[in-house]
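Here's the structure we're looking at; comments come further down.
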Amino acid sequence: MTATRRASVALAVFCAFPAAAMAIDAFFVDASAAWGIGPHVPENGHGTGAAAVDFDDDGLVDLFVPQAAGTPDRLYRNLGGSFAEIGAAVGLGSLASSRVGLWLDYDGDGDLDRWVANDDVLAASSFTLYRQDPGPVFTDVTVEAGVFKPPIVLEETHHWSGICAGDLNNDGYLDVFTAQWPGPGHLFLNTGAGGFTDASAASGVAVVRHAHQCAMEDFDGDGWTDIYVAIDFAANILWHNQHDGTFVDVAPAAGLDNAMNDMGMALADYDDDGDFDVYVTNIFLPEAPGGPRHNVLLRNESVGAVLDFDEVSAAMGVDQGYFGWGATFLDADDDGDLDLAATNGWRSGEFATDPSRFFESPGGGLPFADVSAPVQFDDTDWGSSLSAADFDRDGDLDLVQACMTARGEAVPLRLLENQRPVGDGNYLVVRPRSSGPNRFSVGALVRAGVGGATMLRRIAAGTSYLGQEPLEAFFGVGAATTVDWVRVDWPDGASTTRTGVAVNQELTVELLFADGFESGDTSRWSTTVGGADPEAPRPPAASARRSGPAA
């Protein structure tokens with residue numbers, strides 16, 4: 001973030017959300033059975049994923065769950081209070097060994113397609129790309145899209161890891177990075193013509209080894225998306241985008257080169273200072289050979305394009321995470337502060353009954369408090385992927401937790417419904433949508449101003465551990481009845497601002513294009529759930545489009 005942009009989001013946190021005594025007014029109840037979700041069968045290894053995304057763009061968050069070889073992958077379609085499992089019916093019920101998948105609109109046709117990583121020779125390819133067609137029905141386009149790779153025969157604990165997507169070369173189309181444990185990283189650049197080019201070697205990212213989760217974000221605000229990778233047994237890597245199709249690791253200079261057993265990852269502006277901080281899960285071993293190991297919170301202290309992250313996990317009370325995997329920042333009680341949840345465990349030994357952790361934030365960048373027991377997120381299963389989403393659209397964030405096993409048997413897949421008291425805190429959901437090829441606006445930043453405070457959210461594809469969260473921005477706003485202003489910074493550099501937004505509703509913000517460029521007043525806002533019709537004149541969006549890669 002540049003100094004100018006940083007100044008534009010200056011905060012007055014305590015004015016809007018004064019810190020109160022630690023007393024979170026929310027708790028979670030396992031509602032899986034009530035929603036029609038049964039146990040799942042994960043493949044052996046280091047974990048399994050789950051993706052909570054509205055794949056059919058009907059306003060309700062659905063759930064994709066990969067399965068072990070011989071068990072069909074599952075797609076749970078949200079019917080509004082219950083799920084219908086439709087994986088096989090729509091062409092996503094693969095019997096191959098699936099571990100992780102990602103929703104993205106790869107061909108720019110306005111609907112979400114499915115990228116799946118497969119672990120064994122039962123699959124035709126190491127990756128399977130499914131195109132969504134009307135129906136919906138999903139068609140395997142792996143070969144024609146250029147993502148075919150011969151299956152890699154992997155040992156039990158060697159497998160594909162996190163997948164993330166973003167526009168790396170500013171052509172409007174989403175590119176894909178896939179991590180592998182312990183193999184190389186793979187980068188696929190979107191051709192914009194319905195396919196991909198394997199740029200792993202040419203870009204320099206193939207040198208990654210023992211990678212777990214990855215994330216794409218423009219860390220230094222230069223208008224080009226970077227790639228951050230959590231590495232096991234070695235230093236984490238921040239691949240800085242060089243604007244020419246290549247990447248250079250700048251993690252050591254930025255303070256992002258944590259070198260423990262990094263696994264899961266969550267990015268959020270937890271201290272509301274206008275930039276993204278990073279939380280990475282690890283194994284809690286305070287007396288480990290070579291130095292202590294623990295979950296790491298890297299607070300962003302960058303100034304302009306000079307990246308600078310400080311490790312503050314112990315001071316912030318979030319270092320003790322047991323044997324950590326998935327993690328997510330979420331405002332569980334709609335008070336305007338981002339809390340933090342993490343799931344843990346291992347197949348045997350001292351970590352076999354590690355409890356999940358939930359840390360409440362008091363706001364203002366002050367230390368978190370462990371409230372795992374009061375919020376009833378302290379199960380002792382081996383947890384893997386963990387994501388937050390408002391599945392029941394009641395105005396608070398629920399959790400979905402995929403558990404693991406070392407024996408290839410059925411284990412819990414939990415939908416943990418948030419039981420925050422009705423009327424205790426207001427909210428706003430913003431869903432940026434573009435008429436360009438990046439329909440779901442992956443890479444967009446959404447800010448909301450309330451009473452002098454500014455909250456920042458990101459629209460991202462790939463997070464937690466082998467997981468994915470909805471392509472929307474959720475804001476808890478406490479007792480506020482109006483959000484002073486909402487601003488969407490689109491991936492191409494345009495901005496859209498709306499003032500005086502009513503709370504307790506979901507808004508879709510559309511950016512319209514003419515001949516590939518914004519033209520005039522291009523924003524359109526619509527109420528999708530609750531609230532008054534917010535249609536009103538808008539200020540013109542910025543027309544400066546980022547330049548593409550150098551020839």
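Of all heavy-atom pairs spanning L129 and A145, the tightest one is CD2-CB, 3.6 Å. Across all their heavy atoms, T508 and R433 have their closest contact at CG2-CG, 3.9 Å. For L238 against A251, the heavy-atom pair with the smallest separation is N-CB, 3.5 Å. When all heavy atoms of A165 and L104 are compared, the pair lying nearest together is CB-CD1, 4.2 Å. Minimum interatomic distance between L63 and A50 (heavy atoms only, all atoms of both residues): CD1-CB, 4.3 Å. Considering all non-hydrogen atoms of both residues, E43 and S97 come closest at OE1-OG, 2.9 Å.
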message = Before you tell me yes or no, could you show the steps for D107 and N190 under side chain to side chain contact (heavy atoms under 4.5 Å, CB included), namely the whole-Å CA-CA distance, both residues' side-chain angles and the distance that decides it to 0.1 Å?
response = CA-CA 9 Å; D107 52 0; N190 200 318; over 6 Å; no
query = Is there a side chain to side chain contact (heavy atoms under 4.5 Å, CB included) between H294 and S313 once you walk through the steps?
reply = CA-CA 8 Å; H294 50 80; S313 53; 3.5 Å; yes
inquiry  = Please determine whether side chain to side chain contact (heavy atoms under 4.5 Å, CB included) holds for the pair E311 and L298, giving the CA-CA distance in whole Å, both sets of side-chain angles, and the decisive distance to 0.1 Å.
reply    = CA-CA 5 Å; E311 206 279 279; L298 299 164; 3.9 Å; yes
inquiry  = Please determine whether side chain to side chain contact (heavy atoms under 4.5 Å, CB included) holds for the pair D54 and R431, giving the CA-CA distance in whole Å, both sets of side-chain angles, and the decisive distance to 0.1 Å.
reply    = CA-CA 11 Å; D54 178 10; R431 307 174 75 216; 3.0 Å; yes
request  = Begin with the C-alpha distance, continue with both residues' side-chain angles, and end with the deciding distance and a verdict on ring-ring contact (aromatic ring centres under 6.0 Å, His included) for W160 and H46.
outcome  = CA-CA 10 Å; W160 296 106; H46 285 178; over 10 Å; no
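Side-chain contact between N169 and D175 is present, with at least one heavy-atom pair separated by less than 4.5 Å. Taking the side chain as every heavy atom from C-beta outward, L413 and Y76 approach each other to under 4.5 Å. Side-chain contact between R458 and E217 is present, with at least one heavy-atom pair separated by less than 4.5 Å. A heavy-atom distance below 4.5 Å is not found between the side chains of L174 and F188. Within the 4.5 Å cutoff, no side-chain heavy atoms of D57 are placed close to those of D111. With a 4.5 Å cut-off on side-chain heavy atoms, D226 and M216 do not count as touching. Two residues are said to be in side-chain contact when any heavy atoms from C-beta on lie closer than 4.5 Å; V90 and L75 meet this criterion. V430 has its side chain within reach of V486: a pair of non-hydrogen atoms, C-beta onward, lies under 4.5 Å apart.
Counting only distance, with no hydrogens or angles, the side chain of R457 and the backbone of F474 share a donor-acceptor pair below 3.5 Å. Checking side-chain atoms of N241 against main-chain N and O of L168 turns up a donor-acceptor pair under 3.5 Å. With N118 contributing its side chain and S125 its backbone, the two residues share a donor-acceptor pair below 3.5 Å. In this structure a side-chain-to-backbone donor-acceptor pair under 3.5 Å is present from S385 to Y465. In this structure, the side chain of D105 does not engage the main chain of N438 through any donor-acceptor pair within 3.5 Å. Between the side chain of E469 and the backbone N or O of A52, no donor-acceptor pair lies under 3.5 Å. Side chain of S384 to main chain of T48: a donor-acceptor pair is present (N/O by atom type, distance under 3.5 Å, no hydrogens or angles). Without hydrogens or angle criteria, S98 side chain to P66 main chain gives no donor-acceptor distance under 3.5 Å. Checking side-chain atoms of T246 against main-chain N and O of Q242 turns up no donor-acceptor pair under 3.5 Å. Side-chain atoms of T197 never come within 3.5 Å of backbone atoms of A199 as a donor-acceptor pair (strictly under, hydrogens ignored).
In this structure, the ring of H210 has its center less than 6.0 angstrom from the ring center of F233. Ring centroid separation for the pair W115 and F127 comes in under the 6.0 Å cut-off.
Taken to the nearest 0.5 Å, the CZ atom of R293 stands 14.5 Å off from the CG atom of D319. Rounded to the nearest 0.5 Å, atoms CZ (F177) and CG (L102) are 13.0 Å apart. A distance of 4.5 Å separates CG in L187 from OG in S203, rounded to the nearest 0.5 Å. To the nearest 0.5 Å, the span separating CG on N258 from CE on M260 amounts to 4.0 Å. Remark: T139 OG1 to D133 CG distance equals 4.5 Å, nearest 0.5 Å. For the atom pair CZ of F284 and CG of N344, the computed distance is 11.5 Å after rounding to the nearest 0.5 Å.
For the pair R114 and F64, the cation-pi criterion (under 6.0 Å, within 45° of the ring axis) is fulfilled.
Remark: the N236 side chain and the D262 side chain contain an N/O donor-acceptor pair separated by less than 3.5 Å. With hydrogens and angles left out, the side-chain atoms of N261 and D232 include a donor and acceptor closer than 3.5 Å. Looking at D198 and H186, their side chains never bring a donor and an acceptor atom within 3.5 Å of each other. Side chains of H243 and D222: a donor on one and an acceptor on the other come within 3.5 Å. Between the side chains of T178 and Q180, no donor-acceptor pair of N or O atoms lies under 3.5 Å. There is a side-chain donor-acceptor pair under 3.5 Å between W490 and T496. Counting only N and O atoms by type, the side chains of D308 and S302 include no donor and acceptor under 3.5 Å apart.
Between R99 and D119, at least one side-chain nitrogen of the basic residue sits less than 4.0 Å from a carboxylate oxygen of the acidic one, meeting the salt-bridge criterion. With respect to D273 and R299, no salt bridge is recorded, no charged nitrogen being found less than 4.0 Å from a carboxylate O. Between D109 and R439 there is no salt bridge, since no side-chain nitrogen of the basic residue lies less than 4.0 Å from a carboxylate oxygen of the acidic one.
Between W325 and H212, the ring-plane angle classifies as perpendicular under the 30° and 60° cut-offs.
Only one option out of F440, W103, Y130 pairs with F55 in a ring pair (Phe, Tyr, Trp, His ring centres under 6.0 Å); it is W103.
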